[in-house]
Amino acid sequence: MKKKPIILGIETSCDETAASIIQENNDGSINILSNIISSQFDIHKEFGGVVPELAARSHAEKIDLITKKAIFESGINVKNIDAVAATAGPGLIVCLSVGLNFGKAISASLKKPFIAVNHLEGHAISPKLNSKLDYPYLLLLISGGHSQFLSVEKLGKYKRLGTTIDDALGEAFDKTAKLIGIDFPGGPKIEEYAKLGDPNKFDLPKPIINRGGCNLSFAGLKTAVLKISKTIKTKEEKFDLAASFQRTIEEILYIKTKIAFKEFKKINKKGNKFVVAGGVAANKKIRKVLEKLCYEEHFESIFPPLNLCGDNAAMIAMVGLEKFKKKEFNKLNYPANPRWALDKSAIFLKGAGVKL
Ligand code: KG4
Ligand code: ZN
């Protein structure tokens, strides 16, 4: 039987240095042979956000070791790698350059094809790592830097239906966390705090909830959280604020996703698959609310496994595998692209004065 392709994936677009080896099984399912992720939480904690130069330096220090570890843990011989896939964008240019150049160097030394991967496409197809996923599908991508509804027509073909006009959802979680004294990135902790508080204690705004189609906005919500955070004193009140924030987000996503379903149906009459991906997709309450909506609207909900919601290199290798099968390779002078959008035709919708 012919050997199934083995792909090395490399990811350094933000604050995770990651390398992974995956192989397709004979039945088409995926074997994640290794998936090494080194986070930089401790480096950026005191700054309350990612500092690009520090992140890039750490990637440069670790990428060699992390990749060696991924190859070692996979148990494969490096000569059996069929292609090297590395994130080329979007992300911080100084960070992207580290993994991209490292990936190109390995590809050149092994004389195996190089594949430049869009990080967001990695999130978009991450559920393929553990389940079958057919096109088309509606994608809600919610991470630290992006919040978008996209119709995924096929690999490489996306139509954006809605986007945030200001903050990303992960950013809103992290900023709320910071305001109540939780270290960066506080998103996961907000979910924990929320379990201990009263979700109806504070009435928070739901920006552009009755207009703007399935576009999203979280800046006004952040301002409201800022005001309340100045008045609260006890731990219980912090739990209440986290719970009220979590409830408000659930309500916003429920309403906006319902609109996105309609928009998606307009272009894909029979389409009924809904994928939620990106770091915030690890939030169990958000999953539950969106699962309920899918049940009501006759959509099938699909989520990546919890450990593959955040940034990782297995999802980059997954895109690499799909492109490898289609022989979509890139030259070694492929540039880093910090603003690589999935839907290049979508107009820029950010900042003051945006008309919806
Ligand atoms: O996809 P990701 O790892 O990185 C980007 O590509 O941005 O997403 C990271 C974001 C952070 O803002 C983090 O706080 C948020 O995802 N996040 C969560 C949860 N887990 C991670 N937000 C809410 N609830 C969670 N359980
Ligand atoms: Zn990401």
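Just so you know, ligand 1 is whichever comes first in the structure, and atom 1 is the first atom listed for that ligand.
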**Study point:** Short N or O distance, F173 and ligand 1, threshold 3.5 Å exclusive
**Key:** no
Exercise for review: Identify whether the distance between the nearest side-chain nitrogen and carboxylate oxygen of R247 and E251 falls below 4.0 Å.
Suggested key: yes
Exercise for review: Examine C14 and say whether one of its N/O/S atoms is closer to the Zn ion (ligand 2) than 2.8 Å.
Suggested key: no
Review point. When you measure from the Zn ion (ligand 2) to each N, O or S atom of D311, which atom gives the shortest distance?
Key: OD1
Review point. What class does the angle between the rings of Y334 and W340 fall in, given that below 30° is parallel, 30 to 60° is tilted and above 60° is perpendicular?
Key: tilted
Check your understanding: Where's the contact between H123 and ligand 1, heavy-atom distance under 4.0 Å: side chain, backbone, both or neither?
Key -> side chain
Check your understanding: Looking only at protein heavy atoms, which one is nearest to atom 22 (N) of ligand 1, and how far off is it?
Key -> G187 CA, 3.7 Å
Exercise for review: Please confirm whether K265 makes a cation-pi placement over F299, using NZ or CZ under 6.0 Å from the six-membered ring centre and within 45° of the ring normal.
Suggested key: yes
Exercise for review: Considering only NZ, NE, NH1 and NH2 on the basic side and carboxylate oxygens on the acidic side, decide whether K325 and E24 come within less than 4.0 Å.
Suggested key: yes
Review point. For G144, is at least one N or O under 3.5 Å away from an N or O on ligand 1?
Key: yes
Point to revise | Numbering as shown, the atoms of ligand 1 that approach S143 to under 4.0 Å (heavy-atom distance) | key: 1 (O), 5 (C), 6 (O), 7 (O), 8 (O)
Point to revise | Donor-acceptor under 3.5 Å (D166 side chain, F218 main chain) | key: yes
Review point. In terms of side-chain heavy atoms, does Y137 have a donor or acceptor partner in E153 at a distance below 3.5 Å?
Key: no
Check your understanding: Which atom pair, heavy atoms only, marks the closest approach of T12 to I63?
Key -> CG2-CD1, 3.8 Å
Review point. Using heavy atoms and a threshold below 4.0 Å, how should the contact between H119 and ligand 1 be classified: side chain, backbone, both, or neither?
Key: side chain
Practice item. Give a yes or no answer on whether the side chain of Q246 reaches the backbone of A242 with a donor-acceptor pair at less than 3.5 Å. Key: no
Exercise for review: Determine yes or no for a side-chain-to-main-chain donor-acceptor pair under 3.5 angstrom, with S147 supplying the side chain and L169 the backbone.
Suggested key: yes
Review point. C14: heavy atom below 4.0 Å from ligand 1, yes or no?
Key: no
Check your understanding: Can you list the atoms of ligand 1 that are under 4.0 Å from a heavy atom of G170?
Key -> 12 (O)
**Study point:** Q23 backbone acceptor or donor facing K4 side chain under 3.5 Å
**Key:** no
Check your understanding: Of the choices I182, D174, V280, I286, which has the non-hydrogen atom that lies closest to atom 12 (O) of ligand 1?
Key -> D174
Review point. Considering only the protein, which heavy-atom contact is closest to atom 24 (N) of ligand 1, and what is its distance?
Key: N283 ND2, 3.1 Å
Review point. Do you see an N/O/S atom of H123, backbone or side chain, under 2.8 Å from the Zn ion (ligand 2)?
Key: yes
Check your understanding: Closest non-hydrogen protein atom to atom 2 (P) of ligand 1, residue and atom name please, with distance?
Key -> D311 OD1, 3.4 Å
Point to revise | Min N/O separation E191 to ligand 1 under 3.5 Å | key: yes
Check your understanding: Under 4.0 Å from any heavy atom of G145, which atoms of ligand 1 are there?
Key -> 7 (O)
Review point. Any N or O of G310 that comes nearer than 3.5 Å to an N or O of ligand 1?
Key: no
Review point. Would E237 and T234 count as having a side-chain donor-acceptor pair, cut-off 3.5 Å?
Key: yes
Review point. Does any N/O atom on G279 come nearer than 3.5 Å to any N/O atom on ligand 1?
Key: yes
